[in-house]
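Quick notes on the structure that follows.
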Amino acid sequence: MSETFSVSSGPAALLDPDPCSPRPRIAPPAPPHRFRSRIGVDLAGGFYPVPHRYRLYLSASCPLSLRVSITLDLLGLRNTVATTLLGLPDDTPEAFAALRGAYEATWHRYGGPLDAPALCDGWTGRVVSNHTPDILRDLAGHLSDPGGAGSPRLRPAALAADIDALRELLDEDITHAARQAGTAHEPECRDAALERLLTALDRLDRQLATAPYALGDELTAADVDLWVALVQLDTEYRPLLDADAAHRVSRHGRLRAYVRRLHAHPAFHTTIPEALQDEAS
């Protein structure tokens, strides 16, 4: 989930998922604080893919913000898309005031949480989107130069469906399963989640036996998603597991080597401040 900072005493309530199921039993309603405009999709709406027009608000503690930050570096967009880092509200009050202003400019009397990542339009002062998959698609498809020297094609059309499928696998069978395996109250729920996690890790580990990257011979958006998910698994969720489960999770040698290899790339930083040059709002 994205990082949220409540600005009201009653944010939208979401239904609790079944603790033993990889998916919620009943899909929660779409929260009213989600904004999903796009860049370049409906040019009549005004969100043209213009350099230096947009600003991203990223949270220092959010894996989704880390995905966005790595993507900015891979695409060479640091000097094209402005970025503002959100720390704790008391530490970055000006950044929060600016983000609050963007939400209020988008929705009259907005009283929901201040979600990050958030892509905002510098011309109108409004939030374009706080839906991370759409933000990542627009960075790769509309704000980058796919023909630029050394710029990877993070979302080639032929692999778009596979990238989305892998992201869903990571969200459900790595991140969500690892959280359940470490925190579920019922032993059977923890055991089922652990097996789902190990099955997914085994599959990904075998996949790296035949290719250097998640979907083949070229680095794509799938590698950003996979790398961040593996780092989050190791730093946030593996310490919650018992010793035997933690050992079983960490024995995937190809995945460990993959994380180390990509970390040698300047774009793959484990915390946002390593790369983010925060600009004054």
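Between L166 and Q207, every side-chain heavy-atom pair lies at or beyond the 4.5 Å cut-off. Using a 4.5 Å cut-off on side-chain heavy atoms (C-beta onward), D171 and H176 make no contact. Looking at heavy atoms from C-beta onward, Q232 lies out of side-chain contact with I174 at the 4.5 angstrom threshold. Side chains of L66 and H269 form a contact here, defined as non-hydrogen atoms less than 4.5 Å apart. Looking only at side-chain heavy atoms (C-beta outward), L204 and L255 come within less than 4.5 Å of each other. Side-chain contact between L139 and I39 is absent, with no heavy-atom pair separated by less than 4.5 Å. Counting heavy atoms from C-beta on, the side chains of L77 and T71 never come closer than 4.5 Å. A 4.5 Å side-chain heavy-atom check between P133 and R137 finds at least one atom pair inside the cut-off.
The local environment of CG in D244 is crowded, with over 12 non-hydrogen atoms from other residues, nucleotides or ligands closer than 6.0 Å.
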Pair V68-L119, side-chain contact (heavy atoms from CB on, under 4.5 Å): steps then yes or no: CA-CA 10 Å; V68 173; L119 178 66; over 6 Å; no
From CA spacing to verdict: side-chain contact (heavy atoms from CB on, under 4.5 Å), W227, H263: CA-CA 9 Å; W227 192 83; H263 190 244; 3.7 Å; yes
Residue pair E172, R167: steps toward the side-chain contact (heavy atoms from CB on, under 4.5 Å) verdict: CA-CA 9 Å; E172 294 185 1; R167 179 175 295 151; over 6 Å; no
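The CG atom of L136 sits 7.0 Å away from atom CG of D225, with the distance rounded to the nearest 0.5 Å. The OG1 atom of T220 sits 7.0 Å away from the CG atom of L154 when rounded to the nearest 0.5 Å. Once rounded to the nearest 0.5 Å, the distance linking CG of L194 with CG of L241 reads 6.5 Å. Taken from CZ in R36 to OG in S129, the straight-line distance is 7.0 Å, to the nearest 0.5 Å. Once rounded to the nearest 0.5 Å, the distance linking CG of L85 with OH of Y57 reads 12.0 Å. Going from atom CG of D138 over to atom NE2 of H131 covers 10.5 Å, rounded to the nearest 0.5 Å.
When only modelled atom types and interatomic distance are considered, Y103 and D115 share no side-chain donor-acceptor pair under 3.5 Å. At a cut-off of 3.5 Å, with distance as the only test, a side-chain donor of S69 or R78 sits close to an acceptor on the other residue. For the 3.5 Å distance criterion, the side chains of Y237 and R179 qualify, holding a donor opposite an acceptor.
Here the closest non-hydrogen pair linking R55 and T83 is NH1-O, 3.4 Å.
A salt bridge between R260 and D234 is absent, with no side-chain N of the basic residue lying under 4.0 Å from a carboxylate O of the acidic one.
The aromatic rings of Y110 and F35 sit tilted, their planes meeting at an angle between 30° and 60°.
Residues satisfying the side-chain hydrogen bond (donor to acceptor under 3.5 Å, both in side chains) test with T124, not counting sequence neighbours, are D121.
Between Y213 and Y258, the distance from one ring center to the other does not fall under 6.0 angstrom.
Of the residues listed (R196, R190, E186), the one engaging Q180 in a side-chain hydrogen bond (donor to acceptor under 3.5 Å, both in side chains) is R196, and it is the only one.
Pairs passing the side chain to side chain donor-acceptor pair (under 3.5 Å) check and including a residue from residues 245-256, sequence neighbours excluded, read E195-R248, D202-H252, D205-R254.
Taken together through direct or relayed side-chain contacts under 4.5 Å among Ile, Leu, Val, Met, Phe, Trp and Tyr, I163 and V224 form parts of separate hydrophobic clusters.
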